[in-house]
Enquirer: 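Have a look at this one.
Chain A is the first sequence line, chain B the second, and so forth, proteins listed ahead of strands; every chain is numbered from 1.
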Amino acid sequence: MTAIPATPVEETQPIEQKNYLNVTKTFMSWAGTLDHKRIGLMYLIGVTFAFLVGGLFALMVRLHLWDAIINPDGTTTGGIFTPDKYNQYFTMHGVFMVFMFIIPAIPASLGNFALPLQLGAKDVALPRLNLLSFYLWLAGTLMAIASMVMGQIDTGWTFYTPYSIYTNKAVIMMGLAVFTLGFSSIFTGLNFIVTVHKLRAPGQGWFRMPLFVWAIYATALLQVLATPVIGITVLLLAFERLYHIGIFDPHFGGDPVLFQHFFWFYSHPAVYIMILPAMGIISDVISVHSRKPIFGYRLIAFSSLAIAIISFIVWGHHMFTSGQSELALFIFSFLTFFVALPSAIKEFNWVATVWKGSISLEAPMLYALSFLVIFAVGGLTGIILGALSLDIHLHDTYFVVAHFHYVMMGSTAMAFFAGLHHWWPKMFGVMYSRFWSNFAAIWIFVGFNWTFLPQFVMGSEGMPRRYAHYLKEWQGYHQASTVGAIIIAAGVAMMVGYLVMSLFNGKKASNNPWGGATLEWHTATPPVLENFETQPIVDRDPYDYTLVIEAARKGEL
Amino acid sequence: MITSLLTQGPQEPQRWKHWQLPEQASTFADDHDTLYTFVEWINYIFFFGIMFVLFYAVIKYRRKTPGQPPASVITHHTAMEVTWTVVPLIVVMVIFAWGWKGYADMTLAPADSIQYEVKAERWKWSFKHPGSTEFFGKEFWVPVNKPCQLTMSSTDVLHSFFIPAFRVKRDVLPGRYQTVWFQATLTTWKENVENEKQEGFHIFCTEFCGEGHSKMLGTVHVVSQKQWDEWMKPGAEVPWDPFLITDPEDPTYDEDREFNGNIVYGQSCLTCHTLDGTRSTGPSFKGLWTRNIKRLGLEGKTAAEQEAGMAAYITQSVRNPNAYIAETFDSPSMMTPFPPTSLNDDRVNDMIGFLKSEKLK
């Protein structure tokens, strides 16, 4: 895309070329680093840890549900854990996955690594703040683990009052963990907004930014504007527990539904904090691996912003049965369908990008194609839930569980995997096994659908969520779902295995293994500490593959 | 009225059933399921349409040689993009309007609805039937083809009242009344059948409420108009008032108390207290009497003194569970207190009679 002079890195440097990974080697040079790439890697390790812990809890939940039956007379059989333990495990699954994995996963790890590179910048605008937000993430995670040790929590990740006021578990500790993680998220968002505004390379106007940057930018706006609300909400909850200030507790004149309004005022935008960066990755990966300009660049960029704005005014659709006024329901349902549109537009544009491309079926593209399939299911089932009369029946059933796993796990995590495989060679300078990566991508796709498709069916049949025991008639679906969860776990283990192996015996990656046109592919692999030898200048669109196609034709790529 | 009596058999056939939705047992179900099917088919069309194009493209345009250029470098197509913005917009607006209309029908109960009160507490539903003064646990009875309105509130945390067969759901909140209404269309109640468990429609709690959340099951029975009219006659024997009238002068007084206590146990205590000595959320009722006689130092006393002491303890535990917490159980207690409005003194005395019975002692 650019007229960067072909960096003479490989010709002039000695074999052991200096890059951001090996330029310094002490522990403190990592723990105190201000380099966005190193901070990104530390985040990557952290969020992967959170994903594995959250996944372990999910596996325990699914194994318990293999045969946890309740008979119509109220007696129960089967199941591994007591209902109390079960409640704690699904809560920990939700808390780890939402607050410690999905929200920071893409922006803080891959975003930190790729955003300054894509902007042609040396670093983010506020490197110290960047390091601080990593340590806040770490502190928040340690506090969450402390609350686990101090006696668990059993409220679900939603902390609904008044249950969370009365339960004798460590809710305040977990609330403070969420509060701290929230600040980590705000600082990351703030940092990226400033970086996008101030550090774009010469020639890189707003419409020459890669769509990943647009998506991270829209996400950052949400992080900065929405996250304070959850911070205030968990503080109020802590005050309610400690001093009975009477804001949520009906015994003291409070309103428990007010908590839901506050909670979803953050947590609905948070859904888009989770999915928008994923959409950004997909735009980049689909275009690069189809070697074709992204179809409808401006429409995709604007739909990211549209999602960010509309997502602030649809929170009430999580509360269709909670007793809001009919007028409120009318408005929330109406607006909900509007937030569906930009997502639909993106899906169409991605498919149009693939059409008539030159499609390489490497692991990043396989994960991106998985995303397109799974996101279509997640989005279309969202249409069912947006319709008021249908949501009355489906609310808080497994249908909702399946729907948001299709969007959060199936879409965001698949996009995270796509991005991880896309930028892995750039991060570490090595290629992972082509066979195993393709195999695992297909394996995880199968396992995912195996797990969550049955949940749609039992949900529409009426199976409520968060049940430690279920009626016998749903056992077949639950068992299928448990088998699927084991398949996913095996797939993830496979992925971790071949990625770690590649660090030791992976083939050396070239500077531009996929034929990307954005700036990160125009520097050394792995990049040098300052990212670029000279300041890159942007003189064409981010998805202009003219030079790549030419180079590929000559066999020079 | 007379026509409907003649045409309503004991078990009307359903008009249709969607394979992944429960049976249609209320007037809301038909519109709900029709809309569900409508959206479902629109979804199939969009999903398979998108997938067909996507996978056709992936197969046809996959890169066979490393240097293969893309077949086109088109960057956008305004007409097409406007089309796939406007067409989905129209479709979702139709779905929105239909969903809203279906919901609006569910909001306002007809003026002649039969009125019930519903109380939710951890972890039990109880129902006050028309003409009754007491709440009855776990089950309730409604006439077929008559609108029924439930006025609901919770005594502790959030719950949510869900009958899948009726397609209704409403959160039940502490400190606020919520209403829900429906008109059942299928009868489930078999008349003149005794000593057989009657299968009605399931009631679930769908808002997480703690340890017993998944055990908070209930049943709604739909009865014929004829049966309902019989039950509505003054003095009729009704299933939601099964308690015997107890009289200390009566020679069967103790047995009557035990009989009543057994029903109270099934309605209010069973979720957390077992009768066979195994530990559950709360201590087992097996041996409770003997244990506490010892604990309270009543062993040497007369039977009347023992009973008075135990009655005081049991009443206190029902009204204020935190006053004494059995050894090895957590403080504060998980148990919801039962004030007299929820379990009157007569029912507590039934419970005392039940706990002192030989089989539990």
Enquirer: Non-hydrogen atoms of chain B under 4.5 Å away: do they reach the side chain of A:Ala68, the backbone, both or neither?
Expert: neither
Enquirer: With only heavy atoms counted, which part of A:Phe90 is less than 4.5 Å from chain B, the side chain, the backbone, both or neither?
Expert: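 Contact with chain B is through the side chain of A:Phe90 alone.
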Enquirer: Under 4.5 Å heavy-atom distance to chain B, tell me which part of A:Val548 shows up: side chain, backbone, both or neither.
Expert: neither
Enquirer: Within the 3.5 Å criterion, strictly below it, is a donor on A:Ser287 or A:Tyr545 matched to an acceptor on the partner's side chain?
Expert: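 Note: A:Ser287 and A:Tyr545 side chains meet the donor-acceptor criterion.
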Enquirer: Using only heavy-atom distances, determine whether the side chains of B:Tyr36 and B:Gln20 contain a donor-acceptor pair under 3.5 Å.
Expert: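 Yes, a side-chain donor-acceptor pair sits under 3.5 Å.
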Enquirer: Where does A:Leu372 contact chain B at under 4.5 Å (heavy atoms): side chain, backbone, both or neither?
Expert: both
Enquirer: So, for A:Tyr86 and A:Phe81, is the gap between ring centers shorter than 6.0 Å?
Expert: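 Ring centroids of A:Tyr86 and A:Phe81 are no less than 6.0 Å from each other.
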Enquirer: Measure distances from B:Val73 to the heavy atoms of chain A and classify the residue's part below 4.5 Å as side chain, backbone, both or neither.
Expert: both
Enquirer: Side chains of B:Asp171 and A:Thr321: any donor to acceptor distance under 3.5 Å?
Expert: yes
Enquirer: Please tell me whether B:Phe162 and A:His393 form a close aromatic pair, meaning their ring centres lie under 6.0 Å apart.
Expert: yes
Enquirer: So which of B:Ala165, B:Cys209, B:Gly212 has the biggest tally of heavy-atom pairs under 4.5 Å with chain A?
Expert: B:Cys209
Enquirer: Side chain, backbone, both or neither: which part of A:Phe338 has an atom under 4.5 Å from a heavy atom of chain B?
Expert: side chain
Enquirer: A:Arg553 versus chain B, heavy atoms under 4.5 Å apart: side chain, backbone, both or neither?
Expert: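 Both parts, heavy atoms under 4.5 Å.
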Enquirer: Name the member of B:Ser160, B:Gly102, B:Pro174 that forms the most heavy-atom pairs with chain A at distances under 4.5 Å.
Expert: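 Top option by heavy-atom pairs under 4.5 Å: B:Pro174.
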Enquirer: If you tally heavy-atom pairs under 4.5 Å against chain A, which of B:Val39, B:Leu89, B:Val53 wins?
Expert: B:Leu89
Enquirer: So for A:Phe399, is it side chain, backbone, both, or neither that comes closer than 4.5 Å to the heavy atoms of chain B?
Expert: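 Side chain only.
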Enquirer: Quick one: what part of A:Glu550 sits under 4.5 Å from any heavy atom of chain B, side chain, backbone, both or neither?
Expert: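 Interface part for A:Glu550: neither.
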Enquirer: Quick one: what part of A:Asp255 sits under 4.5 Å from any heavy atom of chain B, side chain, backbone, both or neither?
Expert: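 Side chain of A:Asp255 only, per the 4.5 Å heavy-atom cut-off to chain B.
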Enquirer: Heavy atoms only, distances under 4.5 angstrom: which of B:Met80, B:Arg170, B:Glu40 has the most pairs with chain A? Name it, please.
Expert: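 Highest number of heavy-atom pairs under 4.5 Å: B:Arg170.
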Enquirer: B:Val168 versus chain A, heavy atoms under 4.5 Å apart: side chain, backbone, both or neither?
Expert: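 Contact with chain A involves the backbone of B:Val168 alone.
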Enquirer: Given a strict heavy-atom distance threshold of 4.5 Å, which part of B:Leu54 is in contact with chain A: side chain, backbone, both, or neither?
Expert: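 Both parts, backbone and side chain.
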Enquirer: Answer with yes or no after comparing the ring centroid distance for A:Phe207 and A:Phe302 against a 6.0 Å cut-off, counting only values under it.
Expert: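 Yes, the ring of A:Phe207 comes within the 6.0 Å limit of the ring of A:Phe302, centre to centre.
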Enquirer: Name the region of A:Leu341, side chain, backbone, both or neither, that has any atom closer than 4.5 Å to a heavy atom of chain B.
Expert: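 Contact with chain B is through the side chain of A:Leu341 alone.
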Enquirer: Heavy-atom cut-off 4.5 Å, strictly under: side chain, backbone, both or neither for A:Pro250 against chain B?
Expert: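 Interface part for A:Pro250: side chain.
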Enquirer: Checking heavy atoms, do the side chain of B:Pro66, its backbone, both or neither come under 4.5 Å from chain A?
Expert: backbone
Enquirer: Would you say the rings of B:Tyr103 and B:Phe28 are close, in the sense that their centroids are separated by under 6.0 Å?
Expert: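 They do not qualify: ring centres at least 6.0 Å apart.
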Enquirer: Just do the ring-ring contact (aromatic ring centres under 6.0 Å, His included) check on B:Trp84 and A:Phe295 with the steps written out, would you?
Expert: CA-CA 13 Å; B:Trp84 67 48; A:Phe295 191 89; 5.8 Å; yes
Enquirer: Looking only at the aromatic ring of each residue, does the gap between the centers of A:Trp474 and A:Tyr398 stay below 6.0 angstrom?
Expert: no
Enquirer: For the residue pair B:Trp41 and B:Tyr44, categorise the inter-ring angle as parallel (less than 30°), tilted (30 to 60°) or perpendicular (more than 60°).
Expert: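 Taking B:Tyr44 first and then B:Trp41, their aromatic rings stand perpendicular (interplane angle over 60°).
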Enquirer: When the ring planes of B:Phe208 and B:His213 are compared, do they come out parallel, tilted or perpendicular, using 30° and 60° as the limits?
Expert: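 If you compare the ring of B:Phe208 with that of B:His213, the planes turn out perpendicular.
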Enquirer: Between A:Thr161 and chain B, with a heavy-atom cut-off of 4.5 Å, which part of the residue counts as in contact: side chain, backbone, both or neither?
Expert: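 It is the backbone, since no side chain atom gets that close.
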Enquirer: Report which part of A:Tyr160 has an atom under 4.5 Å of a heavy atom belonging to chain B: side chain, backbone, both, or neither.
Expert: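 Answer is side chain: those atoms of A:Tyr160 sit under 4.5 Å from chain B.
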Enquirer: Check whether A:Asp84 gets within reach of chain B through its side chain, its backbone, both or neither, counting any heavy atom under 4.5 Å.
Expert: both
Enquirer: Walk me through it: do A:Phe330 and B:Phe96 pass the test ring-ring contact (aromatic ring centres under 6.0 Å, His included)?
Expert: CA-CA 9 Å; A:Phe330 180 92; B:Phe96 158 72; 5.2 Å; yes
Enquirer: Strictly below 4.0 Å, N to O, side chains only: are B:Arg167 and B:Asp31 in salt-bridge contact?
Expert: no
